[in-house]
Amino acid sequence: MVWYKRKENIAGGIIAAVAVTLILGLSLGLTRRQKTIKSTFFSRCEKFKEHDCQKLWDLFEKAHVNKDPCNVPVEAYDPLIAAAPFIPDCKKMMFWSGTKDVVHDLTAKRKDCYFTLEDTLLGSILDGLMWCGKNGKDDTFTTGCPGWSDCENNPVRSFWKCASAAYADAACGDVTAMLSGSTTTPFDPESIFASIEVTRLKAPRVSSLNVVMVLQMNAKSDCTNASLKNLQNQLDPNITYSCKDVAEHRVEQCGSQPQIMCGSCW
Ligand code: NFD
């Protein structure tokens, strides 16, 4: 009898210990995940002076926290975007599609020449991050979130649509777009550049759109590609269009040789 009791007590103790460890582990894990995106947000935000990072974080969370992660509309991020307006530099604005790495390798080294959405406050804070909220939860999660194509109204996609629209609205002067010659449809109607940014460029604020078609080895398309006709049809007719085929190594050269004048990169 006594022996049975002792065995029961030991088993009960083990179960309780396992339960406590699991609960502690789960809540610690949750806090750590929370901390990771929150601390990334703040450390990136604090690199930009004169911004209330706490206010931006609160607006960011308000857009998706406690919501179905497949039902966050683009407009949910309007208050966040409005709190951090874009300050365009009309001589440098760069758009891109399918060329993220080559563009950012270049802009990291040639801030004197080019400026992308990812160089703006919100673009630089949220670039490369994944997040979502969940119904009935007060946290921002970074795992278990819908992927880019799992549902249209996921928070990451909605944020980038909202930010891209505001960035294109702010565009001015001569703008550049780097497209990829490695695909058969460099101006892809599904892309954010085609579906949101191009149609928001407006003359006379914007005077020209200069496409740089980045050509890698075995390129599949160049400036003669049929999809670029659609680009021209969608573009405000008072904006001057041009397209130049440029080898990728030439773009890289522009980054590695700061003595090259911005206008002579290609
Ligand atoms: P893109 P875009 N799966 O190269 N922007 O024209 C996953 F997982 O096709 C900036 O659509 O060019 N991710 C950012 C995907 C994001 C998928 C969106 C996919 N199937 C838009 N498709 C940014 N900084 O992240 C697309 N993505 C994601 C603005 C992936 O992260 C910029 O101002 C990919 O790198 C730029 O002028 C990114 O979306 C234009 O819109 C862009 O896809 C580029 O959008």
Side-chain angles (χ1 to χ4, degrees), residues 37 40-41 44-45 60 63 69-70 72 74 76-77 80-81 84-90 92-108 113-132 142-201 206 209-214 216 220-221 225 227-228 230-231 234-235 239 243 248 251:
I37 185 155
T40 305
F41 189 103
R44 290 181 179 182
C45 180
F60 168 69
C70 274
V72 175
V74 175
Y77 287 99
L80 173 66
I81 304 284
F86 298 115
I87 304 150
D89 188 334
C90 297
K92 298 186 191 167
M93 290 185 80
M94 168 80 88
F95 294 84
W96 54 271
S97 194
T99 51
K100 187 173 189 183
D101 292 345
V102 67
V103 165
H104 291 142
D105 284 351
L106 174 71
T107 52
C113 302
Y114 298 106
F115 182 86
T116 63
L117 171 56
E118 297 71 35
D119 297 305
T120 67
L121 173 68
L122 289 175
S124 84
I125 293 176
L126 294 170
D127 191 29
L129 301 184
M130 159 71 93
W131 69 88
C132 67
T142 53
T143 54
C145 295
W148 185 266
S149 310
D150 288 340
C151 49
E152 181 69 23
N153 279 343
N154 69 71
V156 176
R157 194 160 170 154
S158 289
F159 166 77
W160 286 110
K161 281 182 167 177
C162 196
S164 299
Y167 182 67
D169 284 344
C172 46
D174 299 316
V175 304
T176 307
M178 277 202 176
L179 304 185
S180 170
S182 300
T183 75
T184 48
T185 317
F187 185 67
D188 175 358
E190 298 287 308
S191 70
I192 289 186
F193 177 63
S195 62
I196 293 182
E197 293 176 329
V198 160
T199 49
R200 297 182 90 109
L201 302 178
V206 174
L209 170 66
N210 305 298
V211 172
V212 171
M213 186 63 70
V214 183
Q216 292 171 324
K220 295 194 177 108
S221 52
N225 185 275
S227 71
L228 296 173
N230 301 335
L231 193 167
Q234 273 177 241
L235 189 64
I239 296 177
C243 181
E248 189 180 34
V251 179

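Read the numbers this way: they start at 1 and go in the same order the structure lists the ligands and their atoms. Quick caveat: nothing in here was measured; it's all calculated off a predicted structure. Values below: every heavy atom of this structure, side chains too, minus hydrogens, waters and symmetry copies. Each residue takes its place number in the sequence, starting with 1.
- Those atoms of ligand 1 with a heavy atom of Ser164 less than 4.0 angstrom away are 5 (N), 21 (C), 29 (C), 41 (O).
- By the criterion of a heavy-atom distance under 4.0 Å, both the backbone and the side chain of Phe193 are placed next to ligand 1.
- With hydrogens and angles disregarded, a donor-acceptor distance shorter than 3.5 Å links the side chain of Ser158 to the backbone of Val72.
- Ring geometry for Phe159 versus Trp131: interplanar angle over 60°, hence perpendicular rather than tilted (30 to 60°).
- Polar contact with ligand 1: absent for Phe95 (N/O pair, distance under 3.5 Å).
- A donor-acceptor pair under 3.5 Å is formed between the side chain of Thr120 and the backbone N or O of Leu117.
- One N or O on the side chain of Ser191 and one on the backbone of Asp188 form a donor-acceptor pair closer than 3.5 Å.
- Not a single protein heavy atom sits closer than 4.0 Å to atom 34 (C) of ligand 1.
- An N or O contact shorter than 3.5 Å is missing between Thr99 and ligand 1 by distance.
- No donor-acceptor pair closer than 3.5 Å links the side chain of Thr176 to the backbone N or O of Met94.
- Between Phe60 and Tyr77, the ring-plane angle classifies as tilted under the 30° and 60° cut-offs.
- Thr99 contributes a side-chain N or O that, together with a main-chain N or O of Met178, makes up a donor-acceptor pair within less than 3.5 Å.
- At least one heavy atom of Ser149 sits closer than 4.0 Å to an atom of ligand 1.
- Polar contact check, Ala194 against ligand 1: no nitrogen or oxygen pair lies under 3.5 Å apart.
- Protein heavy atom in closest approach to atom 4 (O) of ligand 1: Gly98 N, 2.7 Å.
- For atom 2 (P) of ligand 1, the nearest protein heavy atom (residue, atom name, distance) is Ile192 N, 3.5 Å.
- At a 3.5 angstrom cut-off on N or O pairs, Tyr167 does not count as close to ligand 1.
- Here is the list of ligand 1 atoms found below 4.0 Å of a heavy atom in Glu118: 10 (C), 14 (C), 23 (C), 24 (N), 32 (C).
- Scanning the protein heavy atoms around atom 7 (C) of ligand 1, the nearest turns out to be Trp148 CB, 3.3 Å.
- Side-chain contact of Thr116 with Asp119: a donor-acceptor pair under 3.5 Å is present, judged by distance alone.
- With respect to atom 43 (O) of ligand 1, the closest heavy atom belonging to the protein is Trp96 CZ3, 4.3 Å.
- When hydrogens are left out, the protein atom nearest atom 6 (O) of ligand 1 is Ser97 OG, 2.7 Å; that is the closest non-hydrogen contact.
- The protein does not reach atom 30 (C) of ligand 1 closely, with no heavy atom under 4.0 angstrom from it.
- Between Leu117 and ligand 1, not a single N/O pair is under 3.5 Å apart.
- Within the 3.5 Å criterion, the main-chain N or O of Trp148 finds a donor-acceptor partner in the side chain of Arg157.
- Asp127 places no side-chain N or O within donor-acceptor distance of the main-chain N or O of Ser124, the cut-off being under 3.5 Å.
- Closest non-hydrogen pair, Ala194 versus Gln234, comes out as O-NE2, 3.1 Å.
- Here the heavy atom of the protein found nearest to atom 41 (O) of ligand 1 is Glu197 OE2, 3.3 Å.
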